[in-house]
Number of protein chains: 4
Amino acid sequence: MTTRRQSTPNSSRRSDASRRAILTAAFDLVGEVGYAKLSIEGIAARAGVGKQTIYRWWPSKGAVLFDAFLALSEGEEGEAALPDTGDLEADLKTVMRATVVELSDPRYDEPMRALTTEIAHDPGLAAVYRERLDEPMREIKKRRLAIAQRAGQLAGDLDLDLAVDVLWGPLLNRWLQRTGPLTPEYADNLVKTALNGLRPRG
Amino acid sequence: MTTRRQSTPNSSRRSDASRRAILTAAFDLVGEVGYAKLSIEGIAARAGVGKQTIYRWWPSKGAVLFDAFLALSEGEEGEAALPDTGDLEADLKTVMRATVVELSDPRYDEPMRALTTEIAHDPGLAAVYRERLDEPMREIKKRRLAIAQRAGQLAGDLDLDLAVDVLWGPLLNRWLQRTGPLTPEYADNLVKTALNGLRPRG
Amino acid sequence: MTTRRQSTPNSSRRSDASRRAILTAAFDLVGEVGYAKLSIEGIAARAGVGKQTIYRWWPSKGAVLFDAFLALSEGEEGEAALPDTGDLEADLKTVMRATVVELSDPRYDEPMRALTTEIAHDPGLAAVYRERLDEPMREIKKRRLAIAQRAGQLAGDLDLDLAVDVLWGPLLNRWLQRTGPLTPEYADNLVKTALNGLRPRG
Amino acid sequence: MTTRRQSTPNSSRRSDASRRAILTAAFDLVGEVGYAKLSIEGIAARAGVGKQTIYRWWPSKGAVLFDAFLALSEGEEGEAALPDTGDLEADLKTVMRATVVELSDPRYDEPMRALTTEIAHDPGLAAVYRERLDEPMREIKKRRLAIAQRAGQLAGDLDLDLAVDVLWGPLLNRWLQRTGPLTPEYADNLVKTALNGLRPRG
DNA sequence: GTATAATCGAGACGGTACGTCGGGTCTTGAA
DNA sequence: TTCAAGACCCGACGTACCGTCTCGATTATAC
């Protein structure tokens with residue numbers, strides 16, 4: 001039997017109850033009052049914790065929030081995979097529609113914006129984000145695309161990282177900047193257009 | 001046709017010197033200290049202006065910053081157009097490379113991140129942004145794409161708004177989240193891939 | 001027929017309506033919100049007058065308030081005299097009781113405290129106060145005392161200025177510092193004690 | 001009998017260094033710039049203390065100043081007594097002349113005016129003032145008068161509180177309102193007149 | 001009987017201070 | 001040693017007024 005995997009290196013003295021209370025409080029609060037009004041004091045008060053306990057273990061407000069997200073996605077990792085029915089376009093549409101639903105859920109919208117913009121301003125956080133969240137997710141996506149590529153459904157010389165960008169980038173950008181509404185139809189059109197390209201086909 | 005005098009409708013009593021000083025100070029400061037450390041107090045001090053003069057005319061820090069951007073892009077509007085050599089792919093690569101250069105310029109990087117994330121958190125600001133900056137720019141892009149479409153270089157049923165998303169979304173997303181480096185090569189590959197699609201061609 | 005006596009030297013152009021509105025507003029406001037919260041802006045707003053109109057004619061908040069008091073006591077001056085029934089002690093008690101009543105009237109209490117403390121901090125104002133309000137009142141009091149002195153009811157070598165101090169000083173001090181309640185009995189005892197002295201008689 | 005350690009009941013966590021620095025700064029500043037220009041911000045800066053530390057422990061600017069006075073008079077209390085040579089008039093003149101000197105000292109004049117006028121406007125402060133400063137001082141004075149009264153030097157039915165008023169009220173009033181100069185002669189005359197009364201003596 | 005110049009209401013302006021919030025550090029006493 | 005609690009110094013918030021400064025729009029003489 002292996003020891004419990006630990007996402008944050010802990011001193012043996014560290015109170016796990018406090019840690020959990022802080023992450024929960026942070027996630028809840030950012031959804032309630034928004035990122036701008038989120039404060040360490042507020043998190044500490046809500047979590048029933050001294051401010052020092054937060055400062056002792058996290059370097060910044062963004063780091064707490066980030067850990068709160070990590071805690072959420074913990075356990076999903078490793079096993080997750082994109083659906084594979086053999087029909088790439090259909091599978092991607094399914095996934096993209098699910099992403100649309102998730103981004104539209106007010107319960108996740110605010111916290112996710114908070115995390116995203118925090119990352120945009122903090123290169124250090126961005127690096128951790130890439131390593132701990134973005135890369136694993138990207139790997140999952142690339143896995144499905146690689147299967148399709150091997151089956152000749154994607155261009156043989158296609159850079160799969162770029163492919164992920166072309167598929168998800170437009171959606172995330174539209175979400176973040178509210179350039180337009182996020183609908184299942186948009187998800188479908190996006191997948192179709194990205195796959196076929198803007199040029200006319202034969 | 002009469003010339004436009006005033007880009008922002010002003011009370012007749014408003015001091016234009018103060019307005020300009022504030023916008024300049026805001027833009028400069030956000031580049032120097034970053035958005036997180038940008039303060040109304042700092043802007044006022046740098047601009048040699050009372051705080052009240054800022055609060056009198058702008059509802060928020062983000063709104064000041066936004067106006068600073070507007071002031072920058074003023075005058076360019078209306079005449080601007082994407083290059084048109086007849087070769088769509090080459091033209092788009094030229095534009096996309098220019099965008100890469102601009103986004104890499106530290107003089108614009110911080111302020112643009114600040115504006116972008118501010119918009120992400122403030123729907124009101126987002127609406128103004130769409131109307132005053134995003135839509136005009138998007139129109140310019142769509143104009144070039146429409147020409148190509150009429151020339152049969154783009155799919156006849158292509159939604160040009162979506163096309164703009166597919167072309168620029170990936171780049172902006174990579175920039176904001178620092179998912180990877182912004183290089184001219186990336187710009188080229190992006191354009192090529194978006195035009196041809198992920199699927200194999202002929 | 002003589003021309004109207006003018007308490008403040010006026011330019012012929014000065015608007016008397018504004019002047020009156022300002023003094024009224026100042027007096028009313030100091031009674032409503034207290035001296036600490038009395039502001040030039042408030043007075044101007046209440047009087048329906050531009051701030052500059054106040055600054056043009058008065059050097060300070062205290063000066064406005066002072067003029068408001070002058071305006072009140074205008075017209076009384078000159079004719080007023082202390083009662084003279086022949087019985088000095090009775091007459092002084094009457095006057096002192098009236099003073100007690102006036103000082104207890106909430107309509108005058110706050111403004112009078114304001115004026116008094118303003119004078120305490122502003123020697124310039126104090127000088128004007130002495131000349132325009134204190135001296136005239138003191139003269140009236142001394143007139144009555146002089147009559148009594150000539151009638152042998154007061155010590156022949158008595159300094160009447162000091163006598164006024166001894167009679168009214170204790171009352172004003174008790175009022176201002178709230179050292180004790182202001183009652184008619186206190187007024188009576190004060191008069192009696194001041195007249196007879198602290199030493200035993202006879 | 002145990003020694004008293006703490007004059008003001010303190011939370012156990014309160015920093016006594018800060019408390020003292022604040023009181024000293026307040027007293028010094030009021031003497032330097034006057035009460036009108038005394039600001040919490042200024043006190044905090046001078047004391048090297050955060051503003052919040054002042055707001056945490058005092059409700060108002062006046063309360064700080066008041067405590068500064070209390071701190072000054074601490075330690076003197078209890079032992080102090082008026083001189084008693086057997087000659088009441090001489091003793092009172094001595095005391096009254098000392099008061100004149102103190103009130104004329106510019107080092108005490110401004111702060112004392114500030115305190116007095118603050119008390120005049122704040123009944124709450126006035127109550128504390130009576131209890132902590134006025135009553136103890138008054139008691140000391142009455143003690144001396146009581147001795148004289150028992151010796152037959154003062155009227156048997158004399159109200160000693162009123163006697164204190166009659167002796168000190170005129171002086172304080174003249175000082176505060178600057179009705180006239182404060183001289184040793186005035187002190188002497190005041191004592192003599194108050195003792196003998198305004199009426200002629202046998 | 002009109003010019004014309006001082007005065008008016010209004011309110012923007014550069015400032016100072018307000019009283020509050022939260023940042024991040026430090027200390028205390030209990031577990 | 002860590003924890004909850006919270007005082008501390010500090011910086012910024014957004015507001016209230018300060019006293020100065022334009023702005024037209026009245027007025028009420030002096031032309």
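Treat the numbers as computed from the prediction; the structure is a model and nothing was measured. Order of the sequence lines fixes the chain letters, A, B, ..., with proteins taken first and strands second; residue numbering starts at 1 for each chain.
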Which nucleotide, [options], lies nearest any side-chain atom of [X]?
X       : options                : value
B/Ile40 : F/dG14, E/dC8, E/dT20  : F/dG14
A/Val49 : F/dA4, F/dC3, E/dG23   : F/dA4
A/Gln52 : F/dA5, E/dC13, E/dC21  : F/dA5
D/Ser39 : F/dC17, E/dC18, E/dG9  : E/dC18
A/Glu41 : E/dG15, E/dC13, E/dG22 : E/dG22

| message | Let's test your reading of the model: under 3.5 Å, does the base of E/dG24 pair with the side chain of A/Lys51 as donor and acceptor? | response | yes
| message | Let's test your reading of the model: under 3.5 Å, does the base of F/dT22 pair with the side chain of B/Arg13 as donor and acceptor? | response |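 Between F/dT22 and B/Arg13, which were checked side chain against base, a qualifying N/O pair under 3.5 Å is present.
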| message | Ring-plane angle category for A/Tyr35 and B/His121, please: parallel below 30°, perpendicular beyond 60°, tilted otherwise. | response |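 Geometry flag for B/His121 against A/Tyr35: parallel rings.
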| field | Of C/Ser15 and D/Lys61, the one whose closest DNA chain E nucleotide lies more 5' | value |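 Nearest-nucleotide comparison on DNA chain E picks C/Ser15.
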| message | Please compare C/Thr53 and D/Leu38 by the position of their nearest nucleotide in DNA chain E and report the one closer to 5'. | response |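 Nearest-nucleotide comparison on DNA chain E picks C/Thr53.
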| query | Just checking, B/Arg14 and B/Trp57: is the charged tip under 6.0 Å from the six-membered ring centre and within 45° of the axis? | reply |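 Satisfied, under 6.0 Å and within 45°.
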| request: Would you tell me if any nitrogen or oxygen in the side chain of D/Arg56 comes within less than 4.0 Å of OP1 or OP2 on F/dC8? | output: yes
| task | Find the distance C/Arg14:CZ to E/dG9:C1' and express it as a whole number of Å. | result |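 Spelled out: CZ on C/Arg14 to C1' on E/dG9 is 16 Å.
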| request: Give the C-alpha distance, both sets of side-chain angles, the deciding distance and a yes or no for side chain to side chain contact (heavy atoms under 4.5 Å, CB included) between C/Tyr108 and C/Leu72. | output: CA-CA 11 Å; C/Tyr108 288 93; C/Leu72 272 192; 4.0 Å; yes
| query | Looking across every strand, which nucleic acid part, if any, lies under 4.0 Å from C/Gly42 by heavy atom: base, sugar-phosphate, or nothing? | reply | nothing
| Can you find a pair of side-chain heavy atoms, one from D/Trp58 and one from D/Ile54, that are under 4.5 Å apart? |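 The answer is yes; the side chains approach within 4.5 Å.
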